[in-house]
**Q** 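Have a look at this one before I ask anything.
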Amino acid sequence: MDVLGATPTRNLALELARVTEAAAMMAGRFMGRGDKEGADQAAVNAMRLILSTVDLNGIIVIGEGEKDKAPMLFNGEKVGNGSQPDVDVAVDPIDGTRPLAFGRSNSLAMVAVAPRGTMFDPGPFVYMNKIAVGPQAKGKINIEKSITENLRAIAKAKDKAVEDLTTIILDRPRHDAMVAEIRKAGARIRQIPDGDVAAALMTAWADSGVDVLFGVGGTPEGVITACALRAMGGEIQGKLYARDEDELRRGREAGYNFDKVLTMDDLVSSEDVFFATTGITDGELLKGVRYYGDHITTDTLVVRGLTGTVRQITATHTTDKLENLSALRY
């Protein structure tokens, strides 16, 4: 449902690429240094500064928020230079702070934008059970059915045997029963330590070899994923996940329905979405930042929902020229 007069009809994705590139270049300096907080602060500072130059009147719906208690890029903060369009903004300055801190793969900087009032606001309830697939299996999944039933439906849609499918899931004790069922069904499993946004996007990336994401991860990350998968032709479904009875009680008192299936339209109810992500460390989707003294290279994915356009941008940034134009020291 787009808001009259607030629909972001121009291609904001290319402007958002500057935002994620800056965050990635600043955060990339912290690769392997064991300093998650320092890396996150560097990415936040860069993202916030570049966002302030973009022609939009944004409110952060998905920010550093509840989990990180961040003083900047918090839920409800206004971003952009205040001009039209009026938009909701979702940010994740570093998806994968731990992989970055320890020099591991698949750390990304990302941002998504949609018309004002169209993004799902999870409030303080930051976990959800998810299933995500690429274009071939879109419309064939149902999170209320068993994992085995979903695997069979995905295999049929992709003209494969279940044994040919590759699933991806966060390596967490809460997923032990899911992993056991996947194994019993006969599908292959990739267990990852962090980064379920990248994992979900891999289902829509033909060369990744990943067919489906299962498991409980962040609700904010689910909203960002929905923005990206809209343009990439995939699908995500979710259900809010309470970590204990107290959280379930508080959620219900606040009006949240933990039994409701959150579809793509629930997570972001507009096709006019934009998403950008830049690799910080090397991964299956994107290369990480490279530093060469006088220049830096970045690898960025930008998508636009209305056109379904997916661009991969390899950029070379001249360090001294960047620093002459910015308060940031790359």
**Q** Hydrophobic cluster membership, with links at side-chain heavy-atom distances under 4.5 Å among I/L/V/M/F/W/Y: are Ile154 and Ile169 in one?
**A** yes
**Q** Please confirm whether the backbone N or O of Tyr127 pairs with a side-chain atom of Thr219, one donor and one acceptor, at under 3.5 Å?
**A** yes
**Q** Once rounded to the nearest 0.5 Å, what's the spacing between atom CG of Asp176 and atom CE of Met178?
**A** 10.5 Å
**Q** Can you tell me how far apart NZ (Lys138) and CD1 (Ile236) are? Round to the nearest 0.5 Å.
**A** 13.0 Å
**Q** Does the distance from a Lys or Arg side-chain N to an Asp or Glu carboxylate O, for Asp272 and Arg230, drop under 4.0 Å?
**A** no
**Q** Taking the side chain as every heavy atom from C-beta outward, state whether Val216 and Arg172 have any atom pair closer than 4.5 Å.
**A** no
**Q** Hydrophobic clusters here meaning ILVMFWY residues chained together by side-chain heavy-atom distances under 4.5 Å, can you tell me if Met128 and Met110 are in one?
**A** yes
**Q** List the steps and the verdict of side-chain contact (heavy atoms from CB on, under 4.5 Å) for Arg104 and Asp194.
**A** CA-CA 10 Å; Arg104 298 170 185 156; Asp194 297 279; 5.7 Å; no
**Q** Which value, rounded to the nearest 0.5 Å, describes the distance between Gln237 atom CD and Thr263 atom OG1?
**A** 7.5 Å
**Q** How about CZ on Arg250, more than 12 heavy atoms from neighbouring residues, nucleotides or ligands closer than 6.0 Å, or not?
**A** yes
**Q** Side chains of Asn81 and Ser83 only: does a donor on one sit below 3.5 Å from an acceptor on the other?
**A** yes
**Q** Looking at Ala200 and Leu229, what are the two nearest heavy atoms and their distance?
**A** O-CD2, 4.1 Å
**Q** Judged by modelled atom types alone, do Asn75 and Glu77 share a side-chain donor-acceptor pair under 3.5 Å?
**A** no
**Q** Is it the case that atom CG in Asp159 sees more than 12 heavy atoms from other parts of the structure closer than 6.0 Å?
**A** no
**Q** A side-chain contact here means heavy atoms from C-beta on lying under 4.5 Å apart; do Leu151 and Glu181 qualify?
**A** no
**Q** Just checking, any donor-acceptor pair under 3.5 angstrom between side chains of Thr20 and Thr278?
**A** yes
**Q** Locate the shortest heavy-atom distance separating Val91 from Gly63; write the atom from each residue and the value.
**A** CG2-CA, 3.8 Å
**Q** Would you check if Phe275 and Val273 make a side-chain contact, meaning some heavy-atom pair closer than 4.5 Å?
**A** no
**Q** Decide yes or no for Leu201 and Leu285: does some side-chain heavy atom of the first lie under 4.5 Å from some side-chain heavy atom of the second?
**A** yes
**Q** State the NZ-OG1 distance between Lys287 and Thr300, to the nearest 0.5 angstrom.
**A** 12.5 Å
**Q** Between the main-chain N or O of Ala157 and the side-chain N or O of Gln136, is there a donor-acceptor pair closer than 3.5 Å?
**A** no
**Q** If I compare all heavy atoms of Ala231 with all of Val303, which pair ends up nearest, and what's the gap?
**A** CB-CB, 3.6 Å
**Q** For Lys239 and Glu144: C-alpha separation, side-chain torsions, deciding distance, then whether salt bridge (charged side-chain N to carboxylate O under 4.0 Å, His left out) applies.
**A** CA-CA 9 Å; Lys239 294 179 77 172; Glu144 296 201 292; 3.5 Å; yes
**Q** Can you confirm whether more than 12 heavy atoms, excluding those of Met264, are under 6.0 Å from its CE atom?
**A** yes
**Q** Over all heavy atoms of both residues, which pair between Ala185 and Thr148 is shortest? Give the atoms and the distance, please.
**A** CB-OG1, 4.1 Å
**Q** Check whether any side-chain heavy atom of Lys160 lies under 4.5 Å from a side-chain heavy atom of Asp211, and answer yes or no.
**A** yes
**Q** Got a sec: does the CD of Glu245 have more than 12 other heavy atoms crowding it under 6.0 Å?
**A** no
**Q** When you look at Thr225 and Asp196, which way does the side-chain contact (heavy atoms from CB on, under 4.5 Å) test go after all the steps?
**A** CA-CA 9 Å; Thr225 299; Asp196 70 341; 5.9 Å; no
**Q** What's the shortest heavy-atom distance between Ala198 and Leu108, and which atoms?
**A** CB-CD1, 3.5 Å
**Q** Could you tell me the separation between the NE2 atom of His295 and the OG1 atom of Thr319, rounded to the nearest 0.5 Å?
**A** 8.0 Å
**Q** Quick one: do Phe274 and Leu73 end up in the same hydrophobic cluster if we chain Ile, Leu, Val, Met, Phe, Trp and Tyr together by side-chain heavy atoms under 4.5 Å apart?
**A** yes
**Q** Please step through salt bridge (charged side-chain N to carboxylate O under 4.0 Å, His left out) for the pair Asp294 and Lys321, ending with a clear verdict.
**A** CA-CA 10 Å; Asp294 63 342; Lys321 289 187 176 183; over 6 Å; no
**Q** Tell me if the CZ atom of Arg188 is crowded by more than 12 foreign heavy atoms within 6.0 Å.
**A** no
**Q** Can you check whether Asn57's main-chain N or O pairs, donor with acceptor, with Arg116's side chain at less than 3.5 Å?
**A** yes
**Q** Drop me the distance from Phe258's CZ to Arg249's CZ, to the nearest 0.5 angstrom.
**A** 11.0 Å
**Q** How about Asp171 and Pro193: do any of their side-chain heavy atoms sit closer than 4.5 Å?
**A** no
**Q** Would you say Ile62 and Pro122 make side-chain contact, with heavy atoms under 4.5 Å?
**A** yes
**Q** Is there a donor-acceptor pair under 3.5 Å between the side chain of Arg48 and the backbone N or O of Val79?
**A** no
**Q** What do the steps show when you test Arg29 against Tyr291 for side-chain contact (heavy atoms from CB on, under 4.5 Å), and what is the final call?
**A** CA-CA 9 Å; Arg29 294 289 189 185; Tyr291 300 92; 3.2 Å; yes
**Q** Using a strict cut-off of less than 4.0 Å between a Lys/Arg side-chain nitrogen and an Asp/Glu carboxylate oxygen, indicate whether Asp282 and Arg290 qualify as a salt bridge.
**A** yes
**Q** Of the non-hydrogen atoms in Ala254 and Phe125, which two are nearest, and what is the gap between them?
**A** CB-CE1, 4.3 Å
**Q** Is there a donor-acceptor pair under 3.5 Å between the side chain of Thr281 and the backbone N or O of Ser107?
**A** yes
**Q** When hydrophobic residues are tied together by side-chain contacts of less than 4.5 Å, even through go-betweens, does Ile192 share a cluster with Val133?
**A** no
**Q** With heavy-atom distances below 4.5 Å as the criterion, would you say the side chains of Glu221 and Lys130 are in contact?
**A** yes
**Q** Glu15 vs Leu56, test: side-chain contact (heavy atoms from CB on, under 4.5 Å). Steps then yes/no.
**A** CA-CA 10 Å; Glu15 296 178 60; Leu56 56 81; over 6 Å; no
**Q** Side-chain donor-acceptor pair under 3.5 Å between Asn142 and Asn150, yes or no?
**A** no
**Q** Quick check on side-chain contact (heavy atoms from CB on, under 4.5 Å): which of Thr298, Ile94, Leu286, Asn106 does Ile280 satisfy it with?
**A** Ile94
**Q** Tell me whether the count of non-hydrogen atoms from other residues, nucleotides or ligands lying under 6.0 Å of NZ in Lys158 goes above 12.
**A** yes
**Q** Out of curiosity, does Ile168 fall in the hydrophobic cluster containing Leu170 (side-chain heavy atoms, cut-off under 4.5 Å, transitive links)?
**A** yes
